[in-house]
Amino acid sequence: MTLQEQIAYLTKGCVDVVRESQLRAKLERAATSGDRLIVKVGFDPTAPDLHLGHTVLLRKMKHFQDLGHRVIFLIGDFTGLIGDPTGRSKTRPPLTREQIEENAETYKKQVFKLLDPESTEVGFNSGWLRALGSEGWIRLAARYNVAQMLERREFRQRYDAGRPIAIHEFLYPLAQAYDSVHLRADVELGGTDQLFNLNVGRDIMPAWDVEPQVVMTTPLLVGLDGTEKMSKSAANYVGITEPPAEMFGKIMSISDELMWSYHALLTDLSLAEIESLSARVASGAAHPKQVKIDLATRIVTDFHSAAAARTAAEAFERRFGRREVPTDADERLVAVPGDGRRLTAIMVDAGLAQSGAAATRVIAQGGVRIDGERVGDRFRVVAADQPPFILQVGRRALRIRPGSAGATASPDGDPADVPGAENAVSARAVKPGGR
RNA sequence: GGCGAGGUUGCGGAGCGGUCAAACGCAACAGACUGUAAAUCUGUCGCCCAAGCGGCUUCGGAGGUUCGAAUCCUCCCCUCGCCA
């Protein structure tokens, strides 16, 4: 790759690159001396559950690895150990050493789906930040001033509005900046919301006679709904540990417009390739659906395998293209007593309906099928000895295996299912049981 | 600390003693159309059932007034403005 190609590859999709000329210089120097650039990316030590939004950044890290550079996956455990009361509403309790270790392991498991474990170094910043001591911290703090801090829009707004800014909030960017000093980072990557923090690193590095890092930010990925940024709480995300079929289906559900930014941020296609694709769709030479299928296939391949992606694509086509009954649905064992069980109850059990009333409604609306046949009877009963069947509710489908009541049946509400649980927890605080 | 406004079913937001499970919009879900895209149209959108002018639990929390309360009273909790 020529230098120019390298720069194009590395900056593809980035929102900010401060500065490209310096990146060029560093790359040039690395090429001649044979040194590798040190690329630093910081992560929260809180429990990670990564989705495609996070992978935009991971992918950028991978690009640097592809070109042979050293990527440091830095876990910001220092602040995690202290606990951060910034979130005005809820105070974040300090994490224990064990929790942080555990989270780090979870991170690795997910992150290495994209990154090369061989050339990824995982680090923790508590070591050197602790070692700074009070004196060191004061010296560090002396390197920055309030006016500079207020350049950060969020601080500026709060300051102007007369809302409080705790002093320690000024300390976090400094801590992050000092990480760069310590690691002698050549490049620091982050989301666009990190721009300020990354630049603080740039600013203070010369005070330690370290060449300023190049700062590069990646955009926030828009979620499946096409409006909000992808996030777990907005329920518009694709988790990177989701099964292939699920992942494929979710990607197919995005709008045509959105798929271009997904191409740019979630694949390694070059901008030129994406543009030509887009042009072919615009001219009618390519069908947008096919382009989207290719996109979904690429993404599923990244997190699973080419074979899994192919299977998912075929199943998708059979099911939605030709409207066949899905054969690859996940199987769910549902307790059915000897005298049978109402279909509505089974739907709730399997997580295909929120309540019996909701299940009844979907049936009334013609949204429920058993082995492809529409169910019209809301009192339908499933017998205990019935062989497994495919239950479709709207766009979702599961293979239901009726099981003997003894083993799995629980007398009242059955928390057997995981899917509903997360909603239930967030929904309301624990109430003492009524009556 | 003082004064003012307010907390309603996922969100926004009506309701201000019975006809309120609570208007309307958004989101969501199902159906039609389709490419599980978009747009559009139709329907649904607290829970339970034997499904009905049916039962039950909801309108920040706890009490109270009343035949009857989301609506009135008391206390408490929380949020948001303005002033100090």
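Remember, it's a predicted structure, so these values are computed and weren't measured experimentally. Numbers restart at 1 for each chain; the letters A, B, ... are given by sequence-line order, proteins then strands.
Side-chain atoms of A:L295 and A:I299, non-hydrogen and from C-beta on, do get closer than 4.5 Å to each other.
Partner assigned to B:rC75 is B:rG61, using Watson-Crick or G-U wobble distances below 3.5 angstrom. Figure legend. B:rA30 is base-paired to B:rU42; pairs are counted as Watson-Crick or G-U wobble with both atom distances under 3.5 Å. A 3.5 Å limit on both hydrogen-bonding distances identifies no Watson-Crick or G-U partner for B:rU36. When Watson-Crick and G-U wobble pairs are counted only if both distances are under 3.5 Å, B:rG81 pairs with B:rC3.
Residue contacts for A:I254: at a heavy-atom cut-off of 4.0 Å it reaches the sugar-phosphate backbone alone, with no base atom in range. Within 4.0 Å (heavy atoms only), A:R374 reaches sugar-phosphate atoms of the nucleic acid but no base atom. A:R361 comes within 4.0 angstrom of the backbone, heavy atoms only, and of no base. Backbone-only engagement by A:G356 is indicated by non-hydrogen atom pairs under 4.0 Å involving sugar-phosphate atoms exclusively.
Look at CZ on A:R395: it is 13 Å from P on B:rA32, rounded to the nearest Å. Here B:rG35 presents its C1' atom at 16 Å from CD1 of A:I251, a figure rounded to the nearest Å. Separating the CG atom of A:L224 from the P atom of B:rA38 is a distance of 11 Å, rounded to the nearest angstrom. Rounded to an integer number of Å, the gap from A:K250 NZ to B:rG35 P is 24 Å. One atom, CG of A:N236, and another, P of B:rC26, lie 20 Å apart when rounded to the nearest Å. Following rounding to the nearest Å, A:F379 (CZ) and B:rG52 (C1') show an atom-to-atom distance of 12 Å. Atom NZ of A:K292 is separated from atom P of B:rU34 by 17 Å (rounded to the nearest Å). The separation between A:R318 atom CZ and B:rG35 atom P is 19 Å, rounded to whole Å.
Checking A:E275 against A:S278 by side-chain atom types alone, no donor-acceptor pair falls below 3.5 Å.
For the C1' atoms, the distance from B:rC72 to B:rC59 is 16 Å, rounded to whole Å. Taking the C1' atom of each, B:rA69 and B:rA22 are spaced 13 Å apart, rounded to whole Å. Comparing B:rC41 with B:rG52, their P atoms are spaced 30 Å from each other, to the whole Å. Separation of the P atoms belonging to B:rA50 and B:rC26 is 35 Å when rounded to the nearest angstrom. Here, B:rC47 and B:rC83 have their P atoms 46 Å apart, quoted to the whole Å. Using C1' as the reference atom, B:rA28 and B:rU36 are 16 Å apart when rounded to the nearest Å. One P atom belongs to B:rC45, the other to B:rG25, and the distance between them is 14 Å to the nearest Å. B:rG6 and B:rU71: their P atoms are spaced 15 Å apart (whole Å).
Note on A:D330 versus A:R399: no salt bridge recorded, every NZ/NE/NH1/NH2 to OD/OE distance being 4.0 Å or above. Taking the charged nitrogens against the carboxylate oxygens, A:R310 and A:E314 have no contact shorter than 4.0 Å, which rules out a salt bridge. Remark: A:D349 does not engage A:R332 in a salt bridge, criterion side-chain N to carboxylate O under 4.0 Å.
Taking the nucleotide of RNA chain B with the nearest heavy atom to each of A:R378 and A:R369, the more 5' of the two is matched to A:R369. Map A:T360 and A:M259 each onto its nearest nucleotide of RNA chain B; the residue landing nearer the 5' end is A:M259.
At B:rC47, one or more side-chain N or O atoms of A:S355 fall inside 4.0 Å of OP1 or OP2 (strictly under the cut-off). Residue A:R342 places at least one side-chain N or O closer than 4.0 Å to OP1 or OP2 of B:rA50.
Relative to the ring axis of A:Y237, A:K250 places its NZ or CZ within 45° and under 6.0 Å from the centre.
In terms of polar N and O atoms assigned as donor or acceptor, the side chain of A:Q365 comes within less than 3.5 Å of the base of B:rG43 in a complementary pairing.
Pairing each heavy atom of A:L37 with each of A:H69, the nearest pair is N-ND1, 3.0 Å.
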